[in-house]
Amino acid sequence: MDVKIYIPYESAELYITQIAEDMQTMKSRHLEMVQELEENFQIASRENQERTIEKIRSHYQNKLNALKRILDLYQEKVEKKNTHWEERITTVSRQNERLQGEQIAERRRSREEALQWQREKNKMMELFSTRLDLLHSHQASTLQELQMARQEVGKVQEMLRNSPQEKGQQEAPPTDAGDILENDNGPVQQTEGCSDTELPLEGAQARLEELKESLYKREREITELLEAKQTPIPPIPVAQPSCAVLLRIVVEKAHDICSEVSEARLLVDHMFEENRVALAQAREKLDHMSQMTADDNNSGEEVNSAPEWLDSSDEYASNVLLLQETLRECEITQMALDCIRVGDRPSLSDCDTTPELDEILGKGEGVKSVGQQLLLLQDQLKQVREENRKVVENYTSERTMRKKYYNMVEDMKGKIRVFCRIRPMSRAEAAQGGAIAVGRLDDYSVTVETSRGPREFQFDRVFSGESSQEDVFQDTSRLIQSAIDGFNVCIFAYGQTGSGKTFTMVGDRDQKSPGIMPRAFNSVFDILQENATKFDFKVSVYMLELYNDRLQDLFVSGAEAQSRRVEIKRNRKGLVFAQGAETKEASSAGELFAMFQQACANRHNAATKMNVESSRSHLIIGIMVESRNLTNGSVSFGKLSLVDLAGSERAAKTGAKDDQLKEANSINKSLSALGDVISALSSDLPHIPYRNSKLTQIMQDSLGGNAKTLMVVNVSPSDCNLDETLTSLIYATRVKTITNIAQRNLESKEIAQLKEVIMKLRSGQPVEDEEV
Ligand SMILES: Nc1ncnc2c1ncn2[C@@H]1O[C@H](COP(=O)(O)OP(=O)(O)OP(=O)(O)O)[C@@H](O)[C@H]1O
């Protein structure tokens, strides 16, 4: 049964109002809760996001750390390899030097031997000419006698011809003569008559005999003389001990090289093997030929007759000779190579008593063969040296290439490039008796002899005292192109006073050897000229001096310079500019150079103990190049800063007093501020103290900034300046680790146009509609 409860209207209204109010309260509470929940959700999602970000960050940090570790490992490896190669190079260069020394000694020895040979030859020539003279005189007298003999023979023949006639005349009339003959006295008379006619004949015969005898005698003498002429020249007494020593030294040295240089050892082994094969082949061929000769001899009818082909061909004989010669050479080479490999020390007496060698050398030609053998060994030594040289060359070029690519990578990373230039020893240093303590090892390394042994430094390029201004500039010209392409480029020289900074940056006094600055002026305008069809260029320049911590405009002099206030400012992009300094436009290298000369004339120089024309200020030249691309209208702004720093110095050493002492203090202060900036940058410190000096303020965009920077560290080679040189080199090494963030200053056509409009508006010029 339904029970109905009636609530009075007022109460019901009250309840309903109450319920409505409660519901309203609940709703607002719910809304609050929803809002709270939403807020919580947002907080939670933000936290989530942050956690994710943190996770990603740590992930990448880990990755970065891993990469860093890999890089470190790689660098360590590279350094290890570097040291390994350097050691090898040092060993090889030392060997090379030793070999060169030996070569000189050998050359001297062979010159002496050649002189001795010459003397002996002259002696023999004299002997020959006296013999020839003798022969000639003999020949002349023989001819004379022959003439005489011929006359005598003529006479005898005449007499012989006349005698039968006379006989006929005597026998012809059968007269009294026969009677006479028949007389008792007749035969006597006849005999007498006969003996009268035969007497001259007998005399002629005797004379003939005499002549014959004399002719034989002459003939014998001439034959003897001729024979004497044909007898071999007695062996020239070459200084055998020197040969023996030379042979021993050559073999010893070759063995030393082989034991120290593995490539040489391999080469000798290879040569030995090749020679062994050649020797076997030559022997085989010679055996074969002798066998053929013997066969032909046996098959021939006459035992002693030579084979047909032997008779018919001279070629055969010469082939045999050639083969014998080859065999002999191979055998000598074999012995020499064996000695070199094993390290035997042959002496000439050994050679003389070794029957094997006797056989090879040939008894009568001992001296000549030793000479030949020496020549052979010298040839081989030359070959080994040549190979050695090639190996060294390969090492060097490989090392150079590696460093070149390493530098390129560093350059791309934005590392500041550092060149080191060692100037020649100055007269003052030579007079002080200073020894050379700093030297260039190769294109990239410099070595310093310190009291604790040699210390090596690596740079992007190293120039020695012999390097020309052109050599130094050649490697900097790439940066000038960068300045024109819209980069900020800074080239500065650093080093102790008198180390050659001004020589490097400016050149010598009369500009016979211009330095980087004048060369850069030419180079800028040469590049502009080359690109004149593609770009429109504008070149402007300021030249400043930082003297006693005060910036001075070098385009003005005297009182005006004193009154003008030049301040270092940086634009929004962080680029440094000199406010208050005059900026002049230049349209040619000549014009720029004239401005430079004017500026140099206003610069502060003074003589110090260390340098007769010491720069007492820092010279700063800024060349701004604005180039408008004629094809796309884009504009780029590049700045080439060229800085010749004043020299760091020790007051005591330079002999500075009064004003000069003040100058020196100011220079040293600014340089030490520069040192602090370099230290902070190289140690990655959060704060870089650029503001400590005007010099560091000027160089702010070049060191750790957005410029491409090249520093030339100049050093003296003398041990008198060893401390300063070491300090400079250590600083320079630190600078090398600083990374810049080089950026191109490029604006699109539109921005460039708008800027132009603003400029026009500022200067109150009218602006066309289409310009905007
Ligand atoms: N590479 C070089 N070849 C020949 N002479 C040199 C070379 N470098 C320097 N010199 C000579 O050495 C002397 C000192 O050089 P320089 O004036 O350039 O030194 P610096 O470092 O600028 O000195 P400072 O800091 O005192 O101005 C000069 O006479 C210069 O001609």
Side-chain angles (χ1 to χ4, degrees), residues 419-432 434 436 438-440 446 459 461-476 491-519 545-548 554 599-600 603-621 642-656 659-661 663-672 674-675 695 711-718 720-721 724-725 727-729 731-732:
F419 290 178
C420 172
R421 187 175 194 184
I422 311 160
R423 71 154 161 73
M425 183 84 105
S426 72
R427 267 200 218 126
E429 283 166 344
Q432 273 180 42
I436 290 194
V438 186
R440 190 187 86 132
V446 54
F459 296 107
R461 273 308 299 269
V462 173
F463 299 98
S464 68
E466 283 98 56
S467 303
S468 66
Q469 298 280 64
E470 178 60 35
D471 294 337
V472 178
F473 184 68
Q474 240 171 25
D475 280 297
T476 54
I491 304 173
F492 72 100
Y494 179 90
Q496 132 191 54
T497 183
S499 58
K501 297 181 297 296
T502 308
F503 186 80
T504 299
M505 292 306 295
V506 180
D508 58 347
R509 199 174 215 282
D510 43 11
Q511 286 293 299
K512 279 188 183 143
S513 302
I516 290 176
M517 287 178 179
R519 282 172 198 272
E545 168 184 66
L546 182 59
Y547 177 68
N548 278 349
L554 288 174
C600 285
R603 206 182 160 190
H604 286 82
N605 288 326
T608 67
K609 251 197 222 171
M610 305 282 294
N611 186 1
V612 282
E613 236 182 314
S614 180
S615 319
R616 311 313 298 148
S617 63
H618 308 297
L619 169 69
I620 303 128
I621 295 180
L642 302 166
V643 182
D644 174 22
L645 294 179
S648 55
E649 58 195 59
R650 281 198 248 141
K653 217 171 171 182
T654 53
D659 276 357
Q660 280 194 16
L661 193 62
E663 282 169 2
N665 282 338
S666 156
I667 293 168
N668 287 349
K669 219 172 99 190
S670 57
L671 288 173
S672 109
L674 181 64
L695 177 66
M711 164 169 151
V712 184
V713 57
N714 290 89
V715 289
S716 141
S718 168
C720 322
N721 297 314
E724 286 87 348
T725 299
T727 314
S728 297
L729 293 177
Y731 262 119

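Order of listing sets the numbers, starting from 1, for every ligand and every atom in it.
Each of the following atoms of ligand 1 lies closer than 4.0 Å to a heavy atom of Pro424: 1 (N), 2 (C), 3 (N), 4 (C), 7 (C). Interface of Thr502 with ligand 1, defined as ligand atoms under 4.0 Å from a residue heavy atom, comprises 18 (O), 20 (P), 22 (O), 27 (O). Ligand-side atoms of ligand 1 in range of Ser499: 19 (O), 20 (P), 21 (O), range being under 4.0 angstrom from any heavy atom.
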Query - Chi angles and distances behind the side-chain hydrogen bond (donor to acceptor under 3.5 Å, both in side chains) call for Glu429, Asn721 - result: CA-CA 9 Å; Glu429 283 166 344; Asn721 297 314; 2.8 Å; yes
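For the ligand labelled ligand 1, residue Arg421 lies inside the 4.0 Å heavy-atom shell. The shortest separation from a heavy atom of Gln496 to ligand 1 is under 4.0 Å, placing the residue in contact. Assignment of Ser426 to the shell around ligand 1 is not supported, since no heavy atom sits closer than 4.0 Å.
The residue among Glu466, Arg509, Lys501 with a heavy atom at the shortest distance from atom 25 (O) of ligand 1 is Lys501.
When only interatomic distances are considered, the shortest N/O to N/O separation between Gly500 and ligand 1 falls below 3.5 Å.
Pairing each heavy atom of Lys501 with each of Tyr494, the nearest pair is CD-C, 3.6 Å.
Residues Leu671 and His618 are in side-chain contact: their nearest non-hydrogen atoms beyond the backbone lie under 4.5 Å apart.
For the side chain to side chain contact (heavy atoms under 4.5 Å, CB included) test, residues two or more places apart in sequence or in another chain that qualify with Asp471 are Phe463, Ser467, Ser468.
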